[in-house]
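Input: a single structure, listed below in structure tokens.
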Amino acid sequence: MAILGTLLKKGITLRESLEQQFTRPIDLQKQELRKLLITCRTTDFGQRYHFDDVLSSFKLHHPDQFYKSFQANVPVHDYEKIYDDWWHLSKEGKTNVCWPGKIKYFALSSGTSGSSSKYIPITKDMMKAIKKTSYRQILSLSKINLKNSFFTKGILMLGGSTNLRKSGHYFEGDLSGITTSQIPFWFQHFYKPGKKIAKTINWGEKLDEITRKAKDWDIGIIVGVPAWLQILMEKIVDHYGVKTIHDIWPNLSIFVHGGVSFEPYRRGFEKLLSKPLIYLETYLASEGFIAFQTAPNQKSMRLVLNNGIFYEFVPFNHDNFTEDGLIRSNPTTLKIDEVEPGRDYALLITTNAGAWRYLIGDVIKFTSVEEAEIVITGRTKHFLSLCGEHLSLDNMNKAVEMVEEQLNIDIREFTVIGESYESLFAHQWYIGTDDEVDPELLKEKLDAALKELNDDYKVERDAALKEIFVQALPSSIFYDWMKSQGKEGGQNKFPRVLKNEKSSNWKAYLREHNYLAA
């Protein structure tokens, strides 16, 4: 890796990164869609939806005809539709369904706020694309002033077990477990916790094993979901009786995170440090490596436009989505040269794993259309609008952050449920904190912050949204519930909004453990 440090100092850049730097986003995306269609033209999906006809439209002079043909021939899919119509066939061992060949791996995704796990196909082409995008992000570290010696340090990647479960015709597991099991040989010397510990299935045992080995490693970069890494660092600090994680890993300098907003975790996370870290955000979903932060001290990530994914954007409004976050029939969809900065869009992706016009469930906003820079503002189903309050995940994260500052407390987790109340509506908040706090003051500050951030919420608090209830709980309750749901560790995150079956399970768990009246 010292060689890598030297390359970074010289500003070495992959050809794909240069292509994106010097090519219009729409030109890259048109080329990417063409490649995907050509690859899949003889699959069952490609035959059903006349990919040859769509490909013929690429030769026409009208610049938008290729996309109009794609829209007209290929329907929009959410998970339930594409799984029921197509992916279940691949899961049963059928070949050439939505992508050439046999699907050997399926990633178990956390699912929505109201449903169980999703089975996402993972192809060799996708794994190659994830590796290539990972290299692009590593080489972007050339923008950071790091010593060559830094690149001899270990990289701790806290993910799911690489001991994948064999299920009939395929292997299943956490995406991080699938991709880590395929890491190149040259990286294995730097990769921690190493192959043996990475295979550990029991999450608690994995954290214990990492804790015991931590003092033997010189870690420079940590990678993972904030909640689980914070729990691990607390465990290490406590085990060795030190003040901060830098007493064990003095060269720790970079935290690569993703999957959830880091801001609610920042306050408690930074108490475990003796010096600042460089934070780099990634957008690596089970469906593909979508975007990454290209430079420190910026809030946005850059979409990866030329590595196996074609993007479409659905304006996130009532015309296209129901109150429950379900996409309507025939929604308005836009390609990348039709979007505007500052507006919320739900993301549709077509990928080299056989996802076609697939609603991934995330809502994004462009900060720069020219540079394809985005921020994630929420999930299509992780929002509340019982009566027109239009409370987004972004509103929730910022409100919690404001309350932490005002009350000088650490909020590790939170979730909210929308409910009927006295013939109208209410929000029930559950706040995970290990600090003492006055529940009424917590409610007052949270309500005030939401009113400040969201005018619709403020109006409805004087109308149909008659009440909010706020209950403070030990943070361990959130993680114990996830364990009870089989969602401990890896890429699993606690849902910020609970609906349907998950809300019932959560309340039943609280009642069982005497945190909620029977």
Side-chain angles (χ1 to χ4, degrees), residues 17 20-21 25 133-134 136-146 221-227 229-230 253-270 273 275-285 288-305 309 311 313 315-316 336 339-347 360-380 382-383 390-406 410-411 414 449-450 452-454 491 493 496:
S17 296
Q20 181 153 340
Q21 184 178 347
T133 299
S134 298
R136 288 168 73 166
Q137 185 171 32
I138 289 172
L139 289 174
S140 74
L141 296 180
S142 62
K143 298 175 183 178
I144 304 173
N145 187 26
L146 297 167
I221 301 174
I222 53 176
V223 181
V225 173
L229 271 168
Q230 184 172 343
S253 303
I254 295 175
F255 174 28
V256 181
H257 63 89
V260 65
S261 171
F262 177 60
E263 294 311 314
Y265 298 95
R266 184 185 293 271
R267 187 180 180 85
F269 194 92
E270 292 185 343
L273 312 175
K275 58 185 179 182
L277 296 185
I278 296 166
Y279 298 105
L280 296 175
E281 187 174 5
T282 63
Y283 187 179
L284 174 55
F289 203 151
I290 292 171
F292 62 88
Q293 187 177 332
T294 58
N297 304 317
Q298 67 180 35
K299 296 294 185 181
S300 59
M301 295 178 286
R302 183 167 296 166
L303 284 175
V304 179
L305 301 176
I309 303 177
Y311 305 95
F313 308 91
F316 191 54
I336 198 164
V339 298
E340 299 177 28
R343 294 198 172 186
D344 283 331
Y345 297 101
L347 200 56
I360 193 171
D362 292 319
V363 179
I364 62 99
K365 183 182 294 183
F366 280 87
T367 58
S368 169
V369 175
E370 293 77 15
E371 299 298 329
E373 293 279 348
I374 64 163
V375 293
I376 301 172
T377 58
R379 297 274 296 170
T380 56
H382 285 198
F383 77 101
H390 303 130
L391 196 62
S392 69
L393 182 57
D394 194 41
N395 294 154
M396 298 174 200
N397 284 326
K398 288 179 180 176
V400 166
E401 190 181 347
M402 290 166 66
V403 170
E404 283 185 301
E405 288 294 327
Q406 292 166 6
D410 296 332
I411 296 176
F414 69 87
L450 291 168
E452 180 181 337
L453 292 166
N454 187 316
Q491 291 179 291
K493 289 83 64 177
R496 294 312 188 204

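As the structure is a computational prediction, the values presented were derived from the model and not from experiment. For reference, positions follow the sequence shown, starting with 1.
Partners of Glu340 according to the side chain to side chain contact (heavy atoms under 4.5 Å, CB included) rule, which considers only residues two or more places apart in sequence or in another chain, are Arg343, Tyr345. By the side chain to side chain contact (heavy atoms under 4.5 Å, CB included) test, Pro296 pairs with Ile144, Ile278, sequence neighbours left out. Under the ring pair (Phe, Tyr, Trp, His ring centres under 6.0 Å) criterion, Tyr311 pairs with no residue at all, not counting sequence neighbours. The side chain to side chain contact (heavy atoms under 4.5 Å, CB included) search around Ala399 returns Leu446, Ala449, Leu450, Leu453, not counting sequence neighbours. Here Gln20 pairs with Leu28, Arg136, Arg302, Leu305, Asn306 under the side chain to side chain contact (heavy atoms under 4.5 Å, CB included) rule; sequence neighbours left out.
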- [ ] Test side chain to side chain contact (heavy atoms under 4.5 Å, CB included) on Arg267 and Glu405 and set out the steps.
- [x] CA-CA 9 Å; Arg267 187 180 180 85; Glu405 288 294 327; 3.4 Å; yes

Task: Verdict with supporting geometry, Val223 and His257, side chain to side chain contact (heavy atoms under 4.5 Å, CB included) - done: CA-CA 6 Å; Val223 181; His257 63 89; over 6 Å; no

TODO: Show your reasoning for whether side chain to side chain contact (heavy atoms under 4.5 Å, CB included) applies to Leu303 and Ile374.
DONE: CA-CA 7 Å; Leu303 284 175; Ile374 64 163; 3.7 Å; yes

Open item on the list: Apply side chain to side chain contact (heavy atoms under 4.5 Å, CB included) to residues Thr282 and Leu280 and explain how you reach the verdict.
Closed with: CA-CA 7 Å; Thr282 63; Leu280 296 175; 5.9 Å; no

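We find the CZ-CG distance between Phe383 and Leu391 to be 10.0 Å, quoted to the nearest 0.5 Å. We find the OG1-CD distance between Thr294 and Glu281 to be 12.0 Å, quoted to the nearest 0.5 Å. The structure places CD of Glu401 at 7.5 Å from OG of Ser261, a figure rounded to the nearest 0.5 Å. To the nearest 0.5 Å, the span separating CG on Leu277 from CZ on Arg266 amounts to 9.5 Å. The OH atom of Tyr265 lies 10.0 Å from the CZ atom of Phe255; values are rounded to the nearest 0.5 Å. With values rounded to the nearest 0.5 angstrom, Leu284 atom CG is found 12.0 Å from Phe292 atom CZ.
Summarising the local packing, NZ of Lys275 is surrounded by more than 12 heavy atoms from other residues, nucleotides or ligands at distances under 6.0 Å.
The closest donor-acceptor contact from the side chain of Gln293 to the backbone of Gln298 lies under 3.5 Å. Using a distance-only test at 3.5 Å, with no hydrogens or angles considered, a donor-acceptor pair links the side chain of Asn454 to the main chain of His390. Glu404 contributes a side-chain N or O that, together with a main-chain N or O of Ile411, makes up a donor-acceptor pair within less than 3.5 Å. Of the possible polar contacts, none joining the Asn397 side chain to the Asp394 backbone as a donor-acceptor pair under 3.5 Å is found.
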Show me the donor-acceptor pairs, under 3.5 Å and distance only, between side chains in residues 361-368 and residues at least two apart or in other chains.
residue, atom, partner, partner atom, Å
Asp362, OD1, Arg379, NH1, 2.9
Asp362, OD2, Tyr283, OH, 2.6
Thr367, OG1, Glu373, O, 3.3
Ser368, OG, Glu371, N, 3.2

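Considering every non-hydrogen atom in both Gln230 and Gly268, the closest pair reads NE2-C, 3.6 Å. Taking all atoms of both residues into account, the shortest heavy-atom contact from Ala372 to Ile336 is CB-CD1, 4.3 Å. Phe414 and Pro264 get closest at one heavy-atom pair: CE2-CG, 4.4 Å. Between Thr380 and Ala346, the shortest heavy-atom distance links the atoms CG2-CB, 3.9 Å. Contact detail for Ser134 and Phe289: the closest heavy-atom pair is OG-CE1, 3.6 Å. When all heavy atoms of Pro226 and Val260 are compared, the closest pair comes out as CD-CG1, 3.7 Å.
Put simply, the side chain of Ile309 reaches to within 4.5 Å of the side chain of Ile290, judged on heavy atoms.
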